[in-house]
Amino acid sequence: MEDVVSQEKLLEKHIKENKKALAVKLLFDLIVRHARANHFSKADALREKLFEIDPMALHEIVKSAEIIESAKIAAIDQVHRHVWSDLYDKLTKEETVALYYGTKTAGYEAGQIIFRQGEVNSNLYFINAGEIKMFYHKDKHGIFLKTLGPGYIAGDDTFFTNSTCTTTITTHSAVKLNFLEKAILQNWRSEAPNLANKLRDYCAQRESIQALLQKKELERRVHPRYALSGDAVIRIMGSPGIKGFKGDLSDISANGISVIMNTSAKSADLLLGCRLNIKFRRPDARPEIRIDQNGRIVGIHSQMFNEYLTNVKWDEPLDKGIIERIKLMG
């Protein structure tokens with residue numbers, strides 16, 4: 001470091017004495033040193049200075065740009081690069097540098113809201129590790145849409161438009177991600193003019209919110225539901241510290257079940273997308289009906305007095321024989 005400081009002092013001396021050739025050589029050497037040490041902001045600043053001192057030092061100007069670019073690409077986080085390899089494969093070296101170094105990193109704990117439906121969000125999120133849940137509110141109904149893991153993007157519905165969020169995103173586990181702020185689009189107009197369009201096209205390849213909602217409606221109609229009363233013992237899977245709690249049965253199908261649970265609005269949002277184990281029995285049936293099934297919450301509908309009608313989709317369909325006996329009970 002002391003050697004760099006002394007070189008920078010010598011550079012100022014060369015500039016004051018108008019020794020342009022010596023200043024150019026020393027500037028180039030300093031740019032290379034800072035680039036190889038991953039001090040990219042310093043290397044970029046020195047390259048700008050090189051332009052000012054001698055705009056005709058074309059060899060040094062071009063070569064220093066190549067060295068900085070190569071060092072930046074080599075310094076990209078390898079986990080991130082692997083997760084997003086299909087995106088980076090579509091980009092030039094200049095665009096790769098502009099995209100990666102335009103992002104910021106962030107981490108979230110499980111159960112945090114990243115953005116909420118109806119609010120303003122100007123960021124585009126690239127998930128590197130962990131899982132997030134996407135859900136949609138219609139009136140007082142919450143509909144779980146999808147679990148997103150590494151390699152998924154969130155926030156693209158607002159990043160390229162001037163609109164509010166159409167969904168809510170919460171973390172299902174601890175999450176690590178990179179994110180872009182919308183202001184970066186202005187910078188790219190000069191430094192990477194095709195990058196915004198490439199990124200928009202990449203985002204457009206994923207399933208739209210409308211398509212997800214239509215799929216949920218089709219899934220709901222596939223299996224008829226039958227009224228079913230009684231108490232169920234519910235346990236949130238993956239949360240060993242949380243004891244089982246009671247839910248009131250509402251209806252059932254081969255594909256899922258609805259139960260009424262008492263909880264807060266905040267907890268209801270966080271429950272969407274969670275996996276549950278549900279146990280219940282009907283000793284009055286002949287033979288007795290016992291069910292011990294795992295599933296995922298795919299919908300929550302607000303009722304009165306902090307009660308929520310909760311729709312659960314089974315991991316595996318119920319045995320047809322059980323459904324036939326439930327039909328006979330009706």
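All values reported here derive from a predicted model rather than from experimental measurement. As a basis for the values below, the full set of heavy atoms in this structure was taken, side chains included, without hydrogen atoms, waters or symmetry mates.
Hydrophobic clustering (side-chain heavy atoms under 4.5 Å, transitive across Ile, Leu, Val, Met, Phe, Trp, Tyr) groups L249 together with W314. Linking ILVMFWY residues whenever their side-chain heavy atoms come closer than 4.5 Å, directly or via other members, places L50 and I15 in the same cluster. Residues I76 and F126 share a single hydrophobic cluster, defined by chaining ILVMFWY side chains whose heavy atoms lie under 4.5 Å apart. Transitive grouping of hydrophobic side chains (ILVMFWY, heavy atoms separated by less than 4.5 Å) keeps F160 and F115 in distinct clusters. Cluster membership for I153 and Y125, using ILVMFWY side-chain heavy atoms within less than 4.5 angstrom, is not shared.
For the residue pair V83 and N128, the shortest heavy atom distance occurs at CG2-O, 3.9 Å. Of all heavy-atom pairs spanning L145 and Y136, the tightest one is CD1-CB, 3.9 Å. Nearest heavy-atom pair, I323 versus S253, reported as atom, atom and distance to 0.1 Å: CD1-C, 3.6 Å. The shortest heavy-atom contact between R296 and D315 is N-OD1, 4.3 Å. Of all heavy-atom pairs between D231 and F280, the closest is O-CB, 3.4 Å. Between Y308 and I300 the shortest heavy-atom distance is CD2-CG2, 3.3 Å.
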Q: Take D77 and K176, measure what salt bridge (charged side-chain N to carboxylate O under 4.0 Å, His left out) needs, and give me the verdict at the end.
A: CA-CA 12 Å; D77 179 82; K176 293 182 179 179; over 6 Å; no
(Q) Assess the residue pair T263 and F245 against the criterion (side-chain contact (heavy atoms from CB on, under 4.5 Å)); give the C-alpha distance rounded to whole Å, side-chain angles, the decisive distance to 0.1 Å, and a yes or no. (A) CA-CA 11 Å; T263 187; F245 55 94; over 6 Å; no
Q: Kindly determine whether K327 and E324 satisfy salt bridge (charged side-chain N to carboxylate O under 4.0 Å, His left out), including the steps that lead there.
A: CA-CA 5 Å; K327 286 169 61 177; E324 289 300 319; 3.6 Å; yes
Q: May I have the step-by-step check of side-chain contact (heavy atoms from CB on, under 4.5 Å) for I114 and N121, ending in yes or no?
A: CA-CA 9 Å; I114 297 178; N121 168 64; 6.0 Å; no
Q) For Y108 and L177, what are the C-alpha separation, side-chain angles and deciding distance, and is it a side-chain contact (heavy atoms from CB on, under 4.5 Å)? A) CA-CA 9 Å; Y108 294 84; L177 52 79; 3.8 Å; yes
Q) What's the verdict on salt bridge (charged side-chain N to carboxylate O under 4.0 Å, His left out) for K198 and E94, showing C-alpha distance, side-chain angles and the deciding distance? A) CA-CA 13 Å; K198 287 185 178 181; E94 293 84 357; over 6 Å; no
(Q) Is there a salt bridge (charged side-chain N to carboxylate O under 4.0 Å, His left out) between K25 and D29? Walk through the geometry before answering. (A) CA-CA 6 Å; K25 183 180 183 304; D29 292 341; 3.4 Å; yes
Q: Take E17 and L22 through the side-chain contact (heavy atoms from CB on, under 4.5 Å) test and state the conclusion after the steps.
A: CA-CA 10 Å; E17 295 174 357; L22 291 175; over 6 Å; no
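Here CD1 of I278 is found 11.0 Å from CE of M237. Values are rounded to the nearest 0.5 Å.
L228 places none of its side-chain heavy atoms less than 4.5 Å from the side chain of D251. Residues I67 and S70 fail the side-chain proximity criterion, which asks for heavy atoms closer than 4.5 Å. Residues T105 and H80 have side chains not in contact (no heavy-atom distance under 4.5 Å, counting atoms from C-beta outward). Side-chain contact between R81 and T96 is present, with at least one heavy-atom pair separated by less than 4.5 Å. R47 is listed as a side-chain neighbour of I61, based on a closest heavy-atom distance under 4.5 Å. Side-chain contact between L271 and M261: present, with at least one pair of heavy atoms (C-beta onward) separated by less than 4.5 Å.
Looking at Y100 and N178, their side chains never bring a donor and an acceptor atom within 3.5 Å of each other. For N311 and H301, the side-chain atoms include at least one donor-acceptor pair closer than 3.5 Å.
A donor-acceptor distance shorter than 3.5 angstrom exists from the side chain of K133 to the backbone of L272, with no hydrogens or angles considered. A donor-acceptor pair under 3.5 Å is absent between the side-chain atoms of K19 and the main chain of L11, judged by distance alone.
K63 NZ: 12 or fewer foreign heavy atoms inside a 6.0 Å radius.
A cation-pi arrangement, defined by a distance under 6.0 Å to the six-membered ring centre and an angle within 45 degrees of its axis, is absent between R206 and Y152.
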